[in-house]
Trainee: 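I'd like to ask you about the structure that follows.
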Amino acid sequence: MPISVVRKPPRLSLAELLLFKWVLGGFLALLAIWMVFHVDPDFWMTAGVATVLVLAGLLRPDLPARVPDWVWKGIVPVILVVFLFRLMTADLIPALITLNIWLVVYRTLCPGSRREEMQFLLLCLLLIVVTGVLLVSLLFGLQLLIFTALAMSYLFIVNLAESAAANAEKSEKQWRHLNVFFFFRRFGQVLDFKLVVLGTLLFFTIMGVSTLLFMVIPRVQFDGSISFLDFNRGGSRTGFSANVSLGEVVRITEDTSIALRVDVSPGMALPETPYWRMVVLDEYSRGGMRISASAASTMGLDWDALPIRRHELPVITREQGPTGDAKGRWSFFLEGNVSQFLPYLGTFERLVHRDPGELTANPVLGLYSLRRISGSLTSYQIEGMDFSGRIHDPVLAGGGPLLAQLDPFISMLEEIHDENPRAVAYPQTLLQTFRGRLHQAYLEDLVAEITGGREMTAQEFSRAATRWLASRHSYSLSVTLPQPEGPFRDPVIRWMQHELPGHCEFFAVAFTLLARTAGHPTRVVTGFKGGTWNGFENYFMVRNSDAHAWCEIYDGEGYWIRVDPTPGSDEVGGAPVLMAGGTDHFLADNSMAAYLDSLRMIWYRRIVSFDQSSQVQVMRGVRDFFVRSYQKTVVLLERAGSLFVEWLLRPWDVLRMGYWVLLTLAGTALFYLLQWVWKHAEARLLHSGRFEDPVRNRAGRYLLRLRDMARTAAEPLVIDERLLDDLHRLRYGAADTWPDPAEVFRRVRKAL
């Protein structure tokens with residue numbers, strides 16, 4: 001009697017496997033190229049063309065096969081020439097990204113051997129990692145997860161295709177002509193649920209192992225950062241640069257994207273209205289402010305050698321090993337291409353950065369900046385923040401006649417900047433207004449009107465000038481200046497003449513000119529004002545729309561005080577209002593946008609900022625968890641043991657023994673009842689036709705095993721004919737003619 005076999009489930013043919021591999025390769029290439037669009041607009045053209053080529057090959061696999069072989073061989077030298085040209089006209093990283101994009105496209109459209117397929121996966125992974133390191137984005141983590149799942153599927157299909165490559169040449173001609181859209185319907189028909197579950201478990205296992213390795217691998221502290229993995233993706237926003245023209249800060253406010261995230265230590269007293277100070281501009285020129293060349297030249301000077309009293313400056317350092325949560329520590333996360341200058345609230349004691357060598361300090365203006373504009377996220381920490389609103393000046397402090405005391409310092413700065421003899425050196429720039437007498441006379445008349453002809457301190461003048469500006473000008477983001485009439489060409493002078501509404505820049509520059517005319521050194525500051533409190537992860541969200549301009553006026557006693565002349569701002573010269581309750585007074589943003597942004601903050605906290613200190617903290621948390629779990633388990637076991645002993649030692653009378661006998665009988669009866677219900681429910685399901693009988697399936701599997709044993713046995717295999725007959729009846733016969741399945745399967749197991 002012939003041995004029947006179990007019907008095999010439908011499977012993909014070799015041609016369909018090759019098409020599936022082609023589709024997965026296209027998805028992997030698109031996933032790698034997709035992130036490049038977020039890196040820099042310079043890559044948009046390259047990434048766009050690459051996307052079109054990959055999509056065309058994905059939808060029409062027969063098109064790449066029509067390209068002659070000599071063309072494919074000539075593409076590689078062309079890609080190398082493009083790389084060399086890009087290398088000569090750009091930095092190393094942009095050139096490598098361009099090279100990687102074209103190599104991914106080449107390997108996608110022109111697949112080759114198994115080794116070249118592995119190269120394709122590595123090229124896609126390299127492109128994802130490089131763009132992810134540049135962006136430090138939450139999308140990078142999501143992209144890696146998707147890439148891992150697709151790469152695992154790709155390798156699985158590659159192995160299946162190799163094992164079924166008996167007619168590879170014929171299939172190579174056929175698979176390119178299969179319809180991609182109808183293929184997915186065919187793929188749904190052969191999809192095995194068990195395989196999906198196994199692949200999902202394997203995926204999560206790999207993710208778990210990777211997460212464990214991420215947490216336990218020791219962190220290496222470098223003396224410097226790997227700076228070649230960063231490049232300038234474009235200039236900073238002009239309102240936060242060293243040269244600001246009227247209207248540039250207002251243009252930033254049109255962008256509502258988040259520029260800065262600030263993590264605050266819990267329980268701190270915070271200013272009611274935070275002013276995130278970034279750029280200090282001391283020189284006025286034709287309606288705009290800029291950092292004077294002489295003040296900018298003080299970057300990196302040896303302050304111990306200067307002929308002025310040195311003030312204790314904040315410490316700039318790198319995190320050295322694990323440290324505890326410092327009291328008053330602020331963690332800043334500045335998005336790329338916002339500014340070269342780092343924002344902060346006021347004077348502080350310590351700034352912690354991954355590479356202090358990448359930072360420069362300007363104690364003259366109180367600025368801290370990167371050596372170059374970063375296109376990626378910049379993170380740093382500040383400790384010991386002072387919210388008094390007073391900033392010490394190491395140059396102007398010391399008393400005595402201002403310019404006379406600083407003659408040696410001014411002479412040194414003029415020597416540094418002697419290439420431009422007409423330039424005004426710092427700190428003379430702090431009193432500079434106009435060279436023309438007519439404009440200066442107009443300002444003097446306005447100052448006389450503000451002061452009434454009497455001497456005022458810096459704070460008194462600030463209050464009077466702020467009230468005077470608010471009485472003549474209202475606030476508006478839109479300003480239309482009249483055409484110049486007569487000799488008055490300066491835009492700020494024309495604005496003050498016509499009592500027009502204006503934005504923060506007009507108020508700040510106008511106040512600066514008035515205060516300097518009154519004899520008070522003044523400078524303009526640009527940065528952010530305010531912010532939104534994220535109610536999900538508890539941190540400040542500062543948007544580009546919070547961009548603002550205000551002033552700092554010298555009080556004559558060695559300190560700068562903040563003055564915001566824009567109508568509706570804080571009281572001039574007073575100490576900021578500190579909220580002892582921490583962040584409870586801030587209006588929390590609980591919108592969906594805030595929730596999505598909180599996910600990005602979690603990424604920054606848990607992944608980007610995961611250093612040796614975080615690693616030690618996590619390991620301590622894991623250790624404490626297991627110690628507590630062990631202690632609780634021991635206590636529970638001891639309690640359960642004592643209760644069991646107590647239960648056994650209690651007297652066993654007839655009533656108690658009868659109770660447990662009845663309970664045992666009831667449990668046994670319930671077990672057999674559930675078994676009987678399950679058998680009848682299974683029978684009904686089988687008779688309904690929705691499921692195949694498991695007895696028939698099992699009999700078929702045993703028949704298949706017996707057939708394989710008969711084929712591979714060295715000697716003729718003796719099989720009991722009665723046993724085979726019983727298996728065939730279980731497999732194909734009517735259920736009422738079946739022998740006892742359990743007895744038959746027991747005999748089969750014994751025979752095997």
Trainee: How about R277 and R562: do any of their side-chain heavy atoms sit closer than 4.5 Å?
Mentor: no

Trainee: Do D589 and N534 come within less than 4.5 Å of each other through their side chains, counting heavy atoms only?
Mentor: no

Trainee: Closest heavy-atom contact between V492 and L513?
Mentor: CG1-CD1, 4.1 Å

Trainee: Flag the pair M456 / I450 as yes when at least one side-chain heavy-atom distance between them is below 4.5 Å, and no otherwise.
Mentor: no

Trainee: Applying side-chain hydrogen bond (donor to acceptor under 3.5 Å, both in side chains) as the test, list every pair that has at least one member in residues 468-478; sequence neighbours left out.
Mentor: E449-W468, R472-E499

Trainee: Taking atom OG of S331 and atom CD1 of I382, what is their separation to the nearest 0.5 Å?
Mentor: 10.0 Å

Trainee: Please name the pair of heavy atoms, one in F341 and one in S369, separated by the smallest distance, quoted to 0.1 Å.
Mentor: CD2-CB, 3.6 Å

Trainee: In sequence, state the C-alpha distance, the side-chain angles, and the governing distance for L342 and L359, and then conclude on side chain to side chain contact (heavy atoms under 4.5 Å, CB included).
Mentor: CA-CA 9 Å; L342 304 182; L359 300 181; 3.8 Å; yes

Trainee: Test of understanding: with ring pair (Phe, Tyr, Trp, His ring centres under 6.0 Å), list the residues that count as partners of Y344, not counting sequence neighbours.
Mentor: F348, Y368

Trainee: Could you grab the distance from atom CG of L446 to atom OG1 of T451, nearest 0.5 Å is fine?
Mentor: 10.5 Å

Trainee: So which pairs with a foot in residues 514-525 pass side-chain hydrogen bond (donor to acceptor under 3.5 Å, both in side chains), sequence neighbours left out?
Mentor: R523-E552

Trainee: Quick one: salt bridge (charged side-chain N to carboxylate O under 4.0 Å, His left out) partners of D546, sequence neighbours excluded?
Mentor: none

Trainee: Would you sort out whether S598 and Y539 count as a side chain to side chain contact (heavy atoms under 4.5 Å, CB included), showing the intermediate values?
Mentor: CA-CA 9 Å; S598 68; Y539 63 93; 4.2 Å; yes

Trainee: Just verifying a value: how many Å separate Q340 CD and L334 CG, rounded to the nearest 0.5 Å?
Mentor: 11.5 Å

Trainee: Under the side chain to side chain donor-acceptor pair (under 3.5 Å) test, which residues partner W550, sequence neighbours left out?
Mentor: none

Trainee: Report yes if the side chains of V244 and L281 come closer than 4.5 Å at any heavy-atom pair, otherwise no.
Mentor: yes

Trainee: Here's a test for you: under side chain to side chain donor-acceptor pair (under 3.5 Å), which of D564, T253, T526 qualifies with H548?
Mentor: D564

Trainee: Restricting to non-hydrogen atoms, name the atom on L469 and the atom on A510 that form the minimum distance, rounded to 0.1 Å.
Mentor: CD2-CB, 4.3 Å

Trainee: Is there side-chain contact between F540 and W276, with heavy atoms separated by less than 4.5 Å?
Mentor: yes

Trainee: So does E358 pair up with R371, basic N to acidic O under 4.0 Å?
Mentor: no

Trainee: Walk me through whether H503 and F506 qualify under ring-ring contact (aromatic ring centres under 6.0 Å, His included).
Mentor: CA-CA 6 Å; H503 45 70; F506 276 102; 4.9 Å; yes

Trainee: Hey, what do you get for CD1 (I561) to SG (C551), rounding to the nearest 0.5 Å?
Mentor: 11.0 Å

Trainee: Considering residues at least two apart in sequence or located in another chain, which fulfil the salt bridge (charged side-chain N to carboxylate O under 4.0 Å, His left out) criterion with E444?
Mentor: R437

Trainee: How long is the gap from CZ on F333 to CG on D263, to the nearest 0.5 Å?
Mentor: 6.0 Å

Trainee: Is R261 paired with E537 through a side-chain N to carboxylate O contact shorter than 4.0 Å?
Mentor: no

Trainee: For F240 and V279, which heavy atoms make the closest approach, and how far apart are they?
Mentor: O-CG2, 3.5 Å

Trainee: Output yes when a side-chain donor or acceptor of D282 lies under 3.5 Å from a complementary backbone atom of S292, and no otherwise.
Mentor: yes

Trainee: Side chain to side chain contact (heavy atoms under 4.5 Å, CB included) for I291 and V280? Distances and angles first, verdict last.
Mentor: CA-CA 7 Å; I291 300 177; V280 178; over 6 Å; no

Trainee: Is the shortest side-chain heavy-atom distance between V447 and F461 below 4.5 Å?
Mentor: yes

Trainee: Evaluate the side chain to side chain contact (heavy atoms under 4.5 Å, CB included) criterion for residues L370 and Y380: first the C-alpha distance (whole Å), next the side-chain angles of each, then the deciding distance (0.1 Å), finally the verdict.
Mentor: CA-CA 11 Å; L370 302 171; Y380 56 98; over 6 Å; no

Trainee: Can you find a pair of side-chain heavy atoms, one from D555 and one from R390, that are under 4.5 Å apart?
Mentor: yes

Trainee: Supply the atom-to-atom distance Q381 CD to F332 CZ, rounded to the nearest 0.5 angstrom.
Mentor: 10.0 Å

Trainee: Q440 and T433: side chain to side chain donor-acceptor pair (under 3.5 Å), yes or no, with the steps?
Mentor: CA-CA 7 Å; Q440 185 64 30; T433 54; 2.3 Å; yes

Trainee: Where do A549 and V249 come nearest, in terms of heavy atoms and distance?
Mentor: N-CG1, 4.4 Å

Trainee: For the residue pair Y284 and V524, establish whether any side-chain heavy-atom pair is separated by less than 4.5 Å.
Mentor: no

Trainee: If you take all heavy atoms of P501 and W495, which pair is closest and at what distance?
Mentor: O-NE1, 3.1 Å

